> 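Okay, handing you the structure first.
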Amino acid sequence: MPQSTLSPIQFQQLLLDWQKQQGRHDLPWQVNPTPYRVLVSEIMLQQTQVTTVIPYFLRWMERFPHIESLAVAAEDEVMSHWQGLGYYSRARNLKKAAQYILNECAGEFPTTLSELIKIPGVGRYTAGAIASFAYDSYGPIVDGNVKRLFCRFFGIEGIPGTSKVDKALWQKAELYTPNQNNRQFAQGLLDMGATICRPKTPKCDVCHFQPHCLAYTEQRVLQLPTPKPKKTIPLKTGHFLWLQQDGKLLLEKRNESGIWGALWCLPQLNSEPLQIQERTTKQSVLEKGQFKHTFTHYKLEAKVWTLDAVDSTPNPQQWFTAEQLTELGLPTPIKKFILKHL
DNA sequence: GACCCGTGGGC
DNA sequence: TGCCCAAGGGT
C-alpha cells in the first residue's frame, strides 16, 4: 500500500535540511577536503568506525601530508602508521594509489567516477565518496549505512550483499543522488545511518523520514535489512618463535598475501616444534606463553615457543631492540604478547 | 558467488 | 562471553 511518495527532489531536500541542522560538520577530513585527504579518510573508514579512524588519520596526514610523500615512503613506515587499524592491504593499496596517480595520471588526481574506480583500493563506493566529498559532484554511495537506511525506507527485502539486493540498492542510490550539494547529501546519508537509522536502536521518533519510511509505517524497522545467516568460524592453531639475543628480539616480515600481510611478526612455524637433537647438546623447546585472537573468519589459538637455534625461513628476519619495536607495524595480538613478555 | 582480509566498540 | 557491526575491495 503506501509506497513511498517521496520524489528524489523531496528526498534530497529533507536530507539536506536535516544534515544542515543535525549532521556532522567537524570531522577532520571534512576540513579542507582535498582529493588526497578524502581518499585517505575513505580508505581508513572502510569497515572501520569513525572514532577509531580519527587518531590514525591525524597521524597519517602529519607524516604523509601529500601524495608525493606517500608515494616515496618506505613500506615499513607506511605499515607502522597503519598498525592496529586492520585490513592491511588497504595501506599497501594506498601507497600503490599514490604511485598510480603520480605515474599513470601525470600527477593529476582523477575526477570522474570511471577514472576514480581505477585507483588501487578504490571500488564503487569509494569512487562515489571521493566524487561527492572532494569534488562536490555526482557520486552515488552505497555503504553499510545506506544499505540499512534504503532497505528500511524503501522496504527492500533480501540480504544486502547479494547481487539482486545490491543492484536494487545502487539503482535507488543513482536515482536519488542529486547533481548539486553532493558533499552535504552524501554526508547526510552517512550521518542519518550512523545516528538515526541505527542497526539496533533506531531513533524513528525523531527521524524526518518517518512518515515516508516503508519499514516504519509497516512496523518492520527491526526486521530490515534482512539479517545474514551466521556461519560458524573455524578454529586454527598457530605456533610462533620467541628468540632473544643480546637484548634483541627476532622478528620476521610476513608475506604480502595472507593474514597480517607485510607486517613484522614473531617468526611463525608450520607446526608445533619438535625437540631438536644435536650431536653434543639436547636443546629443549620451552613454551613461552599463549594467546588467542578472533578474526572475522577464523579464531586463532597460538602458542609461543623459545629455543636456541634459529630456524631458517624464506622471509627476511631481523633482530630488534625494544625501542626499535615501536617503529614497526606489528599485528595487534603479537604486539600485546611481546609487550607482556619482553 | 564465495572467500579472504583486522580490530575495537557496544550491548 | 559472545555476537553484531563498522564510510568495502580484491581475488
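Everything numeric here is computed off the predicted structure, so don't read it as measured data. Note: hydrogens, waters and symmetry copies are ignored here, and every other heavy atom, side chains too, is used. Every chain is numbered from 1, with letters handed out A, B, ... down the list of sequences.
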> Could you tell me how far apart Lys147(A) (NZ) and dG9(C) (C1') are, to the nearest whole angstrom?
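Value for this atom pair: 11 Å.
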> For dT7(B) and Trp260(A) - does any side-chain N or O of the residue sit under 4.0 Å from the phosphate oxygens OP1/OP2?
yes
> Considering only NZ, NE, NH1 and NH2 on the basic side and carboxylate oxygens on the acidic side, decide whether Arg59(A) and Glu62(A) come within less than 4.0 Å.
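Salt bridge between Arg59(A) and Glu62(A), a charged N being under 4.0 Å from a carboxylate O: no.
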> Please classify the nucleic acid contact of Val122(A) as base, sugar-phosphate, or nothing, using heavy-atom distances under 4.0 Å.
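Sugar-phosphate only.
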> Want to settle it: does Val50(A) or Gly121(A) sit nearer the 5' end of DNA chain C, counting the closest nucleotide to each?
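Mapping each residue to its closest nucleotide by heavy atoms, the 5'-most match is Val50(A).
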> What contact category does Leu190(A) fall into here, base, sugar-phosphate, or nothing, at under 4.0 angstrom with non-hydrogen atoms?
base
> Round to the nearest Å and state the distance from Ile117(A) atom CD1 to dG9(C) atom C1'.
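Taking atom C1' of dG9(C) as the reference, CD1 of Ile117(A) is at 10 Å.
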> Side chain of Gln49(A) only, please: which of dG6(B), dG9(B), dA7(C) is the nearest?
dG9(B)
> For Glu75(A), is there an ion pair with Lys253(A) - N to carboxylate O distance below 4.0 angstrom?
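Result for this pair is yes, salt bridge flagged.
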> I need the CG-P distance between Asn93(A) and dC4(B), as an integer number of Å.
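About 19 Å, once rounded to whole Å.
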> Give Glu256(A) one of three labels, base, sugar-phosphate or nothing, depending on what nucleic acid heavy atoms sit under 4.0 Å from its own.
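Counting heavy atoms under 4.0 Å across all strands, no contact is made by Glu256(A).
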> Under 4.0 Å, heavy atoms only, any strand: does Trp82(A) hit a base, just the sugar-phosphate, or nothing?
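If one applies the 4.0 Å heavy-atom cut-off, Trp82(A) turns out to touch nothing in the nucleic acid.
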> Can you figure out which of dA7(C), dG8(B), dG6(B) approaches the side chain of Thr48(A) most closely?
dG6(B)
> Is any side-chain N or O of His297(A) closer than 4.0 Å to OP1 or OP2 of dC4(B)?
no
> Scan Ser163(A) against the nucleic acid and name what it touches under 4.0 Å (heavy atoms): base, sugar-phosphate only, or nothing.
sugar-phosphate
> Reckon Gly258(A) touches a base, only the sugar-phosphate, or nothing at all at heavy-atom distances under 4.0 Å?
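Answer is sugar-phosphate: Gly258(A) comes under 4.0 Å of backbone atoms only.
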> Could you tell me whether Glu42(A) and Arg90(A) have a side-chain N and a carboxylate O separated by less than 4.0 Å?
no
> For a quick test of reading the model: is some side-chain N or O of Tyr88(A) closer than 4.0 Å to OP1 or OP2 of dT7(B)?
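Checking dT7(B) against Tyr88(A), a side-chain N or O does come within under 4.0 Å of OP1 or OP2.
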> Are OP1 or OP2 of dG6(B) and a side-chain N or O of His293(A) less than 4.0 angstrom apart?
no
> Does the cation-pi check pass for Lys303(A) over Phe240(A), that is, NZ or CZ under 6.0 Å from the six-membered ring centre and within 45° of its axis?
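No; the conditions do not both hold, so Lys303(A) does not lie above the ring face of Phe240(A).
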> Rounding to an integer number of Å, can you tell me how far Tyr87(A) OH sits from dC3(B) P?
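Distance check: Tyr87(A) OH to dC3(B) P gives 15 Å.
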> Considering every strand and a 4.0 Å limit on heavy-atom distances, what is the contact class for Arg92(A): base, sugar-phosphate, or nothing?
nothing
> Expressed in angstrom and rounded to an integer, what is the separation of Ile54(A) atom CD1 from dG8(B) atom C1'?
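Interatomic distance, CD1 of Ile54(A) to C1' of dG8(B): 14 Å.
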> Base, sugar-phosphate, or nothing for Ile130(A), non-hydrogen atoms under 4.0 angstrom?
nothing
> Can Thr201(A) and Arg198(A) be counted as having a side-chain donor-acceptor contact under 3.5 angstrom?
yes
> Compare side-chain N and O positions of Thr126(A) against OP1 and OP2 of dG8(C) and report whether any pair is under 4.0 Å apart.
no
> Would you kindly compare Pro333(A) and Lys164(A) by the position of their nearest DNA chain B nucleotide and give the one closer to the 5′ end?
Lys164(A)
> Which one, dG6(B), dA7(C), dC3(C), comes nearest to the side chain of Lys230(A)?
dC3(C)
> Write down the atom of Leu214(A), the atom of Thr217(A), and the distance for their closest heavy-atom approach.
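Closest approach of Leu214(A) to Thr217(A), heavy atoms only: O-OG1, 3.1 Å.
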> In this structure, how many angstroms lie between the C1' atom of dG9(C) and the CE atom of Met44(A), rounded?
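Met44(A) atom CE is separated from dG9(C) atom C1' by 16 Å.
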> Report the nucleotide, chosen from dC3(B), dG6(B), dC3(C), that has the shortest atom-to-atom distance to any side-chain atom of Lys231(A).
dC3(B)
> Looking only at atom P, what distance separates dA2(B) and dA7(C), rounded to whole Å?
24 Å
> On a plain distance test, is the side chain of Thr332(A) in donor-acceptor contact with the base of dG6(B) below 3.5 Å?
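No pair found.
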> Is it the case that the side chains of Arg183(A) and Gln30(A) hold a donor-acceptor pair, with the cut-off being a distance below 3.5 Å and no angle test?
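Side chains of Gln30(A) and Arg183(A): no pair found under 3.5 Å.
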> Rounded to the nearest Å, what distance is computed from the NZ atom of residue Lys236(A) to the C1' atom of nucleotide dC5(B)?
11 Å
> Expressed as a whole number of Å, how far does the P atom of dG9(C) sit from that of dG8(B)?
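Nearest-Å result for dG9(C) against dG8(B) at atom P: 22 Å.
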> What is the nucleic acid contact for Leu85(A), judged by heavy atoms within less than 4.0 Å: base, sugar-phosphate only, or nothing?
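Base, at least one base heavy atom under 4.0 Å.
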> Picking from dA7(C), dC5(B), dC4(C), which would you name as closest to the side chain of Lys200(A)?
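Of dA7(C), dC5(B), dC4(C), dC4(C) is nearest to the side chain of Lys200(A).
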> Could you tell me the separation between the CZ atom of Arg198(A) and the P atom of dA7(C), rounded to a whole number of Å?
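Distance check: Arg198(A) CZ to dA7(C) P gives 12 Å.
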